[in-house]
Amino acid sequence: MEVTNYAVLASVLFAIGATTVLLRRNAIVVFMGVELMLNATNLAFVTFARLHGDLTGQVLAFFVMVVAAAEVVVGLAIIVTIFRTRRSASVDDVNLLKG
Amino acid sequence: MTGFVVPLIDWAALAPLLVVLGAGVAGVLVEAFVPDAVRRAVQVVLTLVALAGALALVVLRWPVVVGTPETAGVSDVLVGGTVMVTPFALALQGTIAALAFLGVLVVADRTSTGQDAFAPTAAAVPGTSYEDLARRAGLQQTEIYPLLLFATGGMMLFVGTDDLLMLFVALEVLSLPLYVLCATARRRRLLSQEAAAKYFLLGAFASALFIFGVALIYGFAGTVRLDVLRQNIASGAAPLEGMTVLLVGGVLLVLVGLLFKLGAVPFHAWTPDVYTGAPTPVTGFMAACTKVAAAGAMVKVLYTVVVSVPADVANDLRVVVVTVAVATMVVGTVAGAVQTDVKRLLAYSSIAHAGFLLVAVAGYTGFSVRAVVFYLVAYGVATIGAFGVVTLVRETRLTGSADGSAEPAGADGEVADDGVVLGEATHLSQWAGLGRKAPWLTAAFALFLLSMAGIPLTAGFVAKFTAFSAAVSGDLTWLAVVGVLASVVAVFFYVRVIVLMVFTPAPDAEVTRRLSGEGAPGAAPASGTAVEVAGEGAETTGGGVATATRTEAARTVVTVVGSRGPAAVAVAICAAATILLGLLPGPVLELAGQAIKFVP
């Protein structure tokens, strides 16, 4: 199977993730979109590593995983705080600040 | 099978970073083991000592890295190139450490009310008995100090690396603590949490775009090191040589991530909301230091890529930067001119400043780098000072109010002589006549605004002058003209605030009460939103809170609380620096001129 197919798949996944972030209302789902984008990036890294025949890309993927995990910790904490206050995780309800 | 080769690490070059991050780790331990009574003092001292120490180490390192007339400077390339301390990086690291020091001084100030700007327990749901209990018990959120140190450490790494992956890690190390800090305000907690959520979701989105850009660049060049990238492109050794689209796409996505942190249009939408919702001392820290870090990384990435890619691609990139610069200046100044909230106004002003910085960046010469460094220093001191002043101007709820019904049950404030001190009075109308109540504070705030406006004899003038002349020297005279025009518009809204503070008489308590009774939104602090929400009546979640805000607002007057020292010191230092840099910019410009080297 052609290696470039994986690069295309990574781009498609990334685009789906970005669309999710831009279109969905629920903060948790938005956040899942971000995670999908990060994982698409991992796939791209690994694909390019295979293409170039070096290990750098695979190491980078590990870094991205760790950072994504750290982001989950902080992100879910903030979303849960909002949810406990407002009983809603919809990003449309978060509208006190505007102007 | 080769044996393990111990990497050579120059600890002296890493020291500023290690001190800040190490103190952050130590702060976490302090949190766990030091008793309540002294914890806060220990944390504050630890944080300030660490930042001052980092600054001192940067100063000690300066002659080695920059070089003296006798010896050439040596940039430190460490840990396989993941940390690269060039003169440019070192200058910005010093700037960040100094600004963070001033920012922490403002954070540490408890003012004469005896309370800092942070919630007793940020995890408690606003308006619950648990929150009340925590407040009565006098709990303090001292975790903010380690968080500030981690953010500072991330920023110092952000400017001091030549590796796109490290740039990403540093981006997260600086962002994650800031997301948390945004959610910790003592008052207006709903706004604070909302700011954190917005900042987090948009920030995570931007960093995902950033890392995908890195993936594309890696795909093109087979490396994430900027210097190797340059060599590979120059020698045609990049594995996917022909596919320039990967490189351009990658660089654009990386720039999106950096422009987001810089707060440039069209990635600025978070700035006003987050700056308004976050605790004011944190806003000051974030506004100043993050901008230094983002601008530094941006200059490094952009300049490295521009000199290496083919001329037509470089030209396109330059067009992108110029377009963003113009849009940022225009949006920042025009939207800033119609704001009625001090923090929002300062947020739009910071957007406009991002535009002026980009004007300097677009010049692509040595002058540009010098201008960027100087601009960041001038902008940073004015911003921290201005937000420091905002923390001291408060609303006070009058005791023994007209209807006498609502006594401060579970009051969120200390009872002063004349009432209960509440949150900051951020509505512009409340700042009317401040000059009579607190002449020195008003003078300092006016000075910061004048510096931001770029009036001669302040740091801002010299900064803008060098920025625009950098653009001119890069054959972008028209861009400099746009910049000057934008500054002229900006002068309008800065001066409007000064006129309001100095020449408009303050509405006295009686008038305020009467106006609020009639529901005049101008006189009701923080109720621009509240009245609106209550009026719509549809938001069941926000309604209760909004109504409460409104009735409270009906009986408030504006007072200036005394600083317990630190914030006053920070404001004084910022004011002094603003004047000094305006009158005698020579030495700092010279230092900035030495810092233009960002490749070893």
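Every heavy atom of this structure was used, including side-chain atoms; hydrogens, water molecules and symmetry mates were not. Protein chains get the first letters and strands the later ones, always in sequence-line order, with residue 1 at the start of each.
In terms of heavy-atom pairs under 4.5 Å with chain B, the best-connected choice from A:R84, A:H52, A:M37 is A:H52. With chain B as the partner, the residue from A:A77, A:G33, A:G75 showing the most heavy-atom pairs under 4.5 Å is A:G75. Heavy-atom pairs under 4.5 Å with chain A were tallied for B:V214, B:V173, B:L202, B:V169; the largest tally goes to B:V214. Counting heavy-atom pairs closer than 4.5 Å to chain B, the top-ranked of the candidates A:L38, A:V80, A:V67 is A:V67.
Below 4.5 Å, heavy atoms of chain A meet heavy atoms from B:L176, B:Y179, B:V180, all part of residues 174-184 of chain B.
Of the options B:F205, B:W270, B:F267, a ring pair (Phe, Tyr, Trp, His ring centres under 6.0 Å) to B:F260 is made by B:W270 and by none of the others.
Looking at A:S11, the atoms closer than 4.5 Å to chain B (heavy atoms on both sides) sit in the backbone and in the side chain alike. Neither the backbone nor the side chain of A:A7 comes within less than 4.5 Å of any heavy atom in chain B. With a threshold of 4.5 angstrom between heavy atoms, A:A70 approaches chain B through its backbone and through its side chain. Within the 4.5 angstrom heavy-atom criterion, atoms from both the backbone and the side chain of B:L209 approach chain A. Using a 4.5 Å cut-off between heavy atoms, B:V224 contacts chain A through its side chain alone, with no backbone atom that close. Residue A:F14 touches chain B through its side chain alone, counting heavy-atom pairs closer than 4.5 Å. In this structure, chain A has a heavy atom under 4.5 Å from the side chain of B:L165, while its backbone stays farther away.
Aromatic pair A:F31/B:F200: ring centres closer than 6.0 Å.
Salt-bridge check for B:R189 with B:E131: passed, with a basic side-chain N closer than 4.0 Å to an acidic carboxylate O. Residues B:R225 and B:D227 are paired through a salt bridge, judged by an N-O separation under 4.0 Å between the basic side chain and the carboxylate.
Residues passing the side-chain hydrogen bond (donor to acceptor under 3.5 Å, both in side chains) test with A:T85, sequence neighbours excluded: B:Q193. Residues that satisfy the side chain to side chain contact (heavy atoms under 4.5 Å, CB included) test with B:V28, not counting sequence neighbours, are B:P146, B:F150. In this structure B:E143 satisfies the salt bridge (Lys or Arg N to Asp or Glu O under 4.0 Å) test with no other residue, sequence neighbours excluded.
Checking A:D54 against A:T56 by side-chain atom types alone, a donor-acceptor pair falls below 3.5 Å. Counted by atom type alone, B:D341 and B:T426 present one or more donor-acceptor pairs between their side chains at under 3.5 Å.
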**Study point:** side-chain hydrogen bond (donor to acceptor under 3.5 Å, both in side chains) between B:S207 and B:E172, intermediate numbers included
**Key:** CA-CA 8 Å; B:S207 48; B:E172 293 297 327; 2.8 Å; yes
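Taking the six-membered ring for Trp and thresholds of 30 and 60 degrees, B:Y218 and A:F48 have ring planes more than 60 degrees apart, a perpendicular arrangement.
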